[in-house]
Number of protein chains: 2
Amino acid sequence: MNDYTKIKNYVARHIQLTEEEETYFVSLLRTTRVKKKQFIVQPGFTCKYRSYVLTGAMRAYLIDNKAQEHTVAFAIEDWWISDYNSYINQEPATLFVEALEDTILIQIDYNAEQLLMETIPKFERFFRIITQRSFAFLQKRILSNLSKSAHERYEEFIEKYPSIANRVPQYALASYLGFSPEFLSKIRNKRTGKS
Amino acid sequence: MNDYTKIKNYVARHIQLTEEEETYFVSLLRTTRVKKKQFIVQPGFTCKYRSYVLTGAMRAYLIDNKAQEHTVAFAIEDWWISDYNSYINQEPATLFVEALEDTILIQIDYNAEQLLMETIPKFERFFRIITQRSFAFLQKRILSNLSKSAHERYEEFIEKYPSIANRVPQYALASYLGFSPEFLSKIRNKRTGKS
DNA sequence: AGAAAAAAATGAACTGGTTTAGGAAATTAA
DNA sequence: TTAATTTCCTAAACCAGTTCATTTTTTTCT
């Protein structure tokens, strides 16, 4: 039922564990099922978990003071998601993290993660490496936002993440790329043209 | 002459080292002086160093295909700077990293950093923690860019980093905040009004 | 299956920020 | 201390993307 093979493989891509260490790691995990539109994080509540998507799709977003949504991140199979600001500093969240589909998550809680790093220092390395990758990803996104037009950002996204582009609602994609849903509609129409 | 007190304090804020460990750490560092407008990283060349600013100011920026500059990061005293994508993956840089003033840098090279983490695993933790902080910082910047107007972003910046705002050229600040230098001029005039 | 709700499309009017072009001020170099 | 270069300012025309209002399509619920 609880299949931890995928998350074990994910970890194995970055560090090598003994069987014993792997067993210990898995003992700290828990599986959570969420229905579409359900939240796992909400502003005001401290985010307890770092979540790995086993199946399904999630997104993290902010609602600003003009009631506009801004998507910070998507996560599909084999990706992680959280309100990291809240999780890392164990302070109240500012983001919503919501299921875009019925989703199965594998979660580790903050205290367990700290314990894991103390018990198996290789995990210090693991979290360093995945954080570095996320950092590099965000930096590319900032540069893309600064240097490219809305249209170019859209083309770039569907080329790099076609599986996400066709799976998430358009308003969510627009709010990730930094323009209005109406404009996304306009772009898409120009693209297909009439046929 | 070479004063490593400040960088030792920086490290001590995150991990505790024995004297021996501290001595070893310092033995891996080198000091570099750069003149204003000099580059320490250029596109095409792999970035060898992670650089800590002892005195002076630096910035990292991209030049896009329309010959426009986009500032990724500033660094003043007690901050780090690099083309991290290039540094972490040891692949050719895409950014310029340039001195905005005559600057003294303390640098560690990639191989030394790897060795340091193997020799003193506490540094694995150190780099994890500072990368997490940078990650959180970039995420806030993305959200700010998505949810705020140019004017609001400017106000936010001068409030949070007055020491940087008054120290770097306006075109560099504009290219960091994501608008044209002309528009920054416009904002500044509206701000002071006539008096 | 049919009603209700949510998401996507369309189009016209609008606006925040850009572009272009010129001149003024400040830095740098000799 | 002057010439050259770089940075900054100003203002008008312009445009990429927004806003608003309405309709169509898709999804969800019973």
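None of these values were measured; they are calculated from a predicted model. Protein chains get the first letters and strands the later ones, always in sequence-line order, with residue 1 at the start of each.
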Whole angstrom value for the distance that separates [atom2] of [N] from [atom1] of [X]:
{"X": "B:E69", "N": "D:dT6", "atom1": "CD", "atom2": "P", "answer": "13 Å"}
{"X": "B:L100", "N": "D:dT7", "atom1": "CG", "atom2": "P", "answer": "10 Å"}
{"X": "B:R188", "N": "D:dA11", "atom1": "CZ", "atom2": "C1'", "answer": "19 Å"}
{"X": "A:I187", "N": "C:dA8", "atom1": "CD1", "atom2": "P", "answer": "14 Å"}
{"X": "A:D102", "N": "D:dT28", "atom1": "CG", "atom2": "C1'", "answer": "13 Å"}
{"X": "B:N166", "N": "D:dC8", "atom1": "CG", "atom2": "P", "answer": "12 Å"}
{"X": "B:E98", "N": "D:dT6", "atom1": "CD", "atom2": "P", "answer": "12 Å"}
{"X": "A:Q170", "N": "C:dT10", "atom1": "CD", "atom2": "P", "answer": "11 Å"}

### Query
Can we say A:R59 and A:E69 salt-bridge, meaning some charged N sits less than 4.0 Å from an Asp/Glu carboxylate O?
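Counted as a salt bridge, because a side-chain N and a carboxylate O are separated by less than 4.0 Å.
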### Query
Could A:E77 and A:K6 be called an ion pair, given the rule that one side-chain N must be under 4.0 Å from one carboxylate O?
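Answer for the salt bridge query: no.
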### Query
What ring-ring contact (aromatic ring centres under 6.0 Å, His included) pairs are there with at least one residue in residues 15-37 of chain B, not counting sequence neighbours?
B:F25-B:F123
### Task
Take the angle between the ring planes of A:Y10 and A:H14 and call it parallel below 30°, perpendicular above 60°, tilted in between.
tilted
### Query
Do the rings of B:F74 and B:Y176 sit parallel, tilted or perpendicular, given the 30° and 60° boundaries?
tilted
### Query
Do the numbers put B:R30 on top of the ring of B:Y49, so that NZ or CZ is under 6.0 Å from the six-membered ring centre and no more than 45° off the axis?
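Yes, cation above the ring, under 6.0 Å and within 45°.
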### Message
For a quick check, with a 4.0 angstrom heavy-atom cut-off, what is the B/S/- contact string for nucleotides 22-30 of chain C, read 5' to 3'?
### Response
------S--
Nucleotide N/O to protein N/O under 3.5 Å, stretch nucleotides 14-23 of chain D:
{"unit_1": "D:dG17", "atom_1": "OP1", "unit_2": "A:A150", "atom_2": "N", "d": "3.0"}
{"unit_1": "D:dT18", "atom_1": "OP1", "unit_2": "A:S180", "atom_2": "N", "d": "3.3"}
{"unit_1": "D:dT18", "atom_1": "OP2", "unit_2": "A:S180", "atom_2": "N", "d": "3.0"}
{"unit_1": "D:dT18", "atom_1": "OP2", "unit_2": "A:S180", "atom_2": "OG", "d": "2.9"}
{"unit_1": "D:dT18", "atom_1": "O4", "unit_2": "A:K186", "atom_2": "NZ", "d": "3.3"}
{"unit_1": "D:dC20", "atom_1": "N4", "unit_2": "A:E182", "atom_2": "OE2", "d": "3.4"}

### Task
Run the numbers on A:E113 and B:R128 for salt bridge (Lys or Arg N to Asp or Glu O under 4.0 Å), then give the verdict.
CA-CA 13 Å; A:E113 183 174 310; B:R128 174 180 63 79; 5.6 Å; no
### Query
Of the non-hydrogen atoms in B:Q132 and A:I88, which two are nearest, and what is the gap between them?
OE1-CG2, 3.7 Å
#### Entry: No-hydrogen, no-angle side-chain donor-acceptor test under 3.5 Å, A:Y84 and A:N89
no
